[in-house]
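Report on one structure; see the data block that follows.
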Amino acid sequence: MPSRRDSHSPAGKSLLERGLLLLIVLVLLQGSVLPLGAASSPDTSHNDNLDNHQVTDERNNYTKKPFPVLALDYHHIQTPFEIALWVLLASLMKLGFHLIPRLSGIVPESCLLITVGLLVGGLIKLAGEDVPPVLDSRLFFLCLLPPIILDAGYFLPIRPFMENLGTILMFAVVGTLWNAFFIGGLLYAVCQIQPANPSILHNIELLPCLLFGSIISAVDPVAVLAVFEEIHINELLHILVFGESLLNDAVTVVLYHLFEEYSGAGKVTVMDGFLGIISFLVVALGGILVGAIYGILAAFTSRFTSHVRVIEPLFVFVYSYMAYLSAEMFHLSGIMALIACGATMRPYVEANISHKSHTTIKYFLKMWSSVSETLIFIFLGVATVDGPHSWNWTFVTVTVILCLVSRVIGVVGLTYVINKFRIVKLTTKDQFIIAYGGLRGAIAFSLGFLLDKNLFPMREMFLTAIITVVFFTVFVQGMTIKPLVELLAVKKKQEAKRTINEEIHTQFLDHLLTGIEDICGHYGHHHWKDKLNRFNKKYVKKCLIAGERSKEPQLIAFYHKMEFKQAIEQVESGGGVKMPSAVPSTVSMQNIQPKKAPAPAKPAEKAPSQLPKGREEEIRKILRSNLQRTRMRLRSYNRHTLVADPFEDGFGDLLIKKQKMIELEKKIKDMNNYLTVPAAPPDSPTMCRARLASDPQAFRTKPESDSVPTIQVDLASPQSPDSVNVMDEFRRAGQEQRGEEREDEQGLMMRPPSRPHRSGEAADGKDPQKLTRCLSDPGPSADEEEDEPFLP
Amino acid sequence: MGASQTRSEHQYQDLADKTGFSFEQIKNLYQRFQQLSGNEETISRENLDGIPALANNPIRKQIIGAFFDKRNQHQDEVGTCDVIGFEQFLMVMSHFRPPNLKTTDEEKEAMRKEKLRFLFNMHDSDNDGTITLAEYRKVVEELLSKSGDIEQETAKAIADAAMLEVASINVPTMGPEDFYEGITFEHFEEILKGLEMESRMNIRFLDVNTTTMRCGKSQS
């Protein structure tokens, strides 16, 4: 039936149909496979019987049976198959959402995924089978959560995090405590004041209420990441809410264990409270310590991996996972361990590993965290359908209202105190976003799931309430936060890449502010940061970074990275005939070098040409032909064929030439100028090739001097001897003139188009934001993070 | 101390209006000033040079120079002084005041311009209104000066690249004949507008009297 529909509808709609069809098919597959799986275990399948029968037959009679050409043994592969199927479903769902154009703009992905989960769960229930316990707490905490947290921790923007650490800790610790006690206490009060009819609420005691409060009060990193990633608010707010969601794990762990332990006993003494505080410090600091130790180990290991580059990413992942598991083993905060591990090891590991390993790590982390997050939301939906639920209007609505109210009061109150200590204060708009961004998510649900049914008879009611709050925050707050951000005109994230000027001035500012603080006489934030940096440079870097790079100052490392990136981008964009969309700046080194000759702007007397005229012409001709050959080569590579048909090339070239001639008219004058000043850097072969890469038609010859040049497809020689000679000639010629020639060339490679950057990225067809896995990158875009040095 | 107290309160009011500090902050800074100057009326470059913590700072010459630069006094004078009084000291310090909750957007803009102007003056040592390539090269060299043996070439390359960037952003369509003189103040603002100076270029000025707490910690 779909084919008929497809044939009648336009392309866009058929995509939608296809997407929906895919969804339905997958869901049915999922639904049918699981019952199959369930059914195969009680051994009622036909084939199993047959096999058994045949086996017993064999034992008794040894009759020869026909060789089973095709057999079905689902049981053998059941578990991995189901896991793979779930992952496939999740990933296809993600694909599907982006095929539907406007949907992903209005509804955040998390909502869509939960809906899909609901659908799947519903279908499974309809099929009459048991919903598999997908949100099993062990699975969640040991497999689904770590990739997301590691991704967040590894790419955590250290500078804003450290600068706002005090604020973040206040929100995380004091805010969560306030939330827990406020919600728990008031819930208990509300439960007690039920009028006439005795309801089950009366039986709930204070401690379970407080336990419930502590479960529900923690802001969830997964949900925050999922929603905030799509709204692109400014870095400060992002790091505040996100940092809070990460650091409140310690508080949640302690409160949870405390109340769970003592719910049996029925009361908590002051001594227990005191122990709880100590426990909190142990949990938090211990987690960070464990993470830091593993991080340093990983950094140290990466120092020696220069010969076995292939397994470098593995060390990063394994050490981090072990940090998490070790912390969980001691009941310390696994999340903080993971964050500490990732953040500690990153600057050293990145200095040691190869570029490819770096890319691998980045993409693996993004991939895993993306899949994890998708799965978590789908499972939330499935688990909701599963139940068991016990709906109680009062309890649930009071919980939701209390959550909102306590969050608002908490944020406002804390900000009032915090602003006394902050240099840059938080405005009301900021407070609103922080309060509104306090989303709850799957962690709360899993913690509730962990509760023992015997100790907590009202576990189902708790679960229902938790799910309602999660749904409320994710759906209502998640969907409305984007329009609210627009409405309130909250500052958005800055898109521009870090420029070298910004880097220079950031460092300059650091030193300046440290200096002023020293003159003022008090030891502030900058002073300690400076001290830590110096300690880092002197001792730590020497141990953990291999070879020469340990001595490399940040600015130079940044500069090299930028050069490297630009070289790659030039190569990537150089193949095709596409012109950069925005006007590239025609500024080159020539424009900023102070003129050696004193005369201003007399074309005849420009930089003295020291090459004889004839030689100049010769060089130019060789250059031109060489460049054309390069162009031909590049184009033939682009068409994925190394053997280009000369006629085809010529024809194609002719057409393209006609096309581009018009555009080139206005460039010809400039090009002329470049070509007539051979001694100056812009004519150096490296520069020519570099410019060629970004503007392949640039070196079209002057129309008056030549006819259409013959196209020679020179395939055999990647480096034609001519080109080598030209380079040599230039080198020699250049060395005659100024010693700065090479240096200028080197500097020239930096021709850096911030515009073509953008077009290069945009040409991928994606929003540069979404180059990062859109759900997990908390900070600046993926490319920017690489530029963030440790303690910059 | 009685009579001088009322006199100083008068002065403080004056200074508070000019620089925007509070009384407590001015008092603390005055105490620091006394420490640095050895209870004299003025401080010289040697006094500031003597601060031990500054020894590790790669740009300390420029920082000290900024205090004695008349352009930072907002009185349209140019040149340098040899000694400065408390008022000039305070004036320079006022460039590092943070905005507070009541600062309006226009005031924030003005603050940002002021801070950027301060930075610009630090780079533009010959006061010709532009930061030339040579001056910028010097800035980068100084920045890298404490980081071990850095090749001259690298510092030059970085400065050149930075200059190129400024030119590309501000004057994207230069012909090959044109010469980019140097970074003007407008261009400087343009390239640094992403850094949000009014939020970054601040230090905390103490509101409370911490002399008793500070004993032993800070040395002059």
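Atom set for the values below is all heavy atoms of this structure, side chains included, hydrogens, waters and symmetry mates excluded. Letters A, B, ... mirror the listed sequences (proteins, then strands); counts begin at 1.
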Side chain from CB out, backbone as N, CA, C, O: work out which of these in Val92(B) comes under 4.5 Å of a heavy atom of chain A, or both, or neither.
neither

Portion of Arg60(B) that has a non-hydrogen atom of chain A nearer than 4.5 angstrom:
neither

Structural part of Ile203(B) lying under 4.5 Å from a heavy atom of chain A:
both

Phe67(B) versus chain A, the contacting section by heavy-atom distance below 4.5 Å:
side chain

Arg97(B), part contacting chain A, at a heavy-atom distance under 4.5 Å:
neither

Under 4.5 Å from any heavy atom of chain A - which part of Ile158(B):
both

side-chain contact (heavy atoms from CB on, under 4.5 Å) between Lys491(A) and Glu196(B): does it pass, once the steps are laid out?
CA-CA 12 Å; Lys491(A) 256 189 298 190; Glu196(B) 277 183 24; 3.7 Å; yes

Steps toward side-chain contact (heavy atoms from CB on, under 4.5 Å) verdict (His505(A), Met201(B)):
CA-CA 11 Å; His505(A) 281 97; Met201(B) 188 164 144; over 6 Å; no

How far does CG of Leu509(A) sit from CE of Met197(B), to the nearest 0.5 angstrom?
4.5 Å

Any side-chain heavy-atom pair from Ile519(A) and Leu36(B) closer than 4.5 angstrom?
yes

Indicate yes or no: at least one non-hydrogen side-chain atom of Glu502(A) is less than 4.5 angstrom from one of Glu165(B).
no

Could you look at Asn202(B) and say if it's the side chain, the backbone, both or neither that has a heavy atom under 4.5 Å from chain A?
both

Which atoms of Asp530(A) approach chain B - backbone, side chain, both or neither, heavy atom under 4.5 Å:
neither

At a heavy-atom separation under 4.5 Å, does Leu236(A) approach chain B through its side chain, its backbone, both, or neither?
neither

Could you look at Leu119(B) and say if it's the side chain, the backbone, both or neither that has a heavy atom under 4.5 Å from chain A?
side chain

Just how far is it from atom CG of Asn533(A) to atom CG of Asn56(B), taken to the nearest 0.5 Å?
12.0 Å

Please say whether more than 12 non-hydrogen atoms of neighbouring residues, nucleotides or ligands are located less than 6.0 Å from NZ in Lys492(A).
yes

What part of Ile191(B) lies closer than 4.5 angstrom to a heavy atom of chain A: side chain, backbone, both or neither?
both

Pairwise side-chain contact, Leu512(A) with Gln62(B), heavy-atom cut-off 4.5 Å (strictly under)
no

Tell me if a side-chain donor or acceptor on Arg204(B) pairs with a main-chain N or O of Glu517(A) at a distance below 3.5 Å.
no

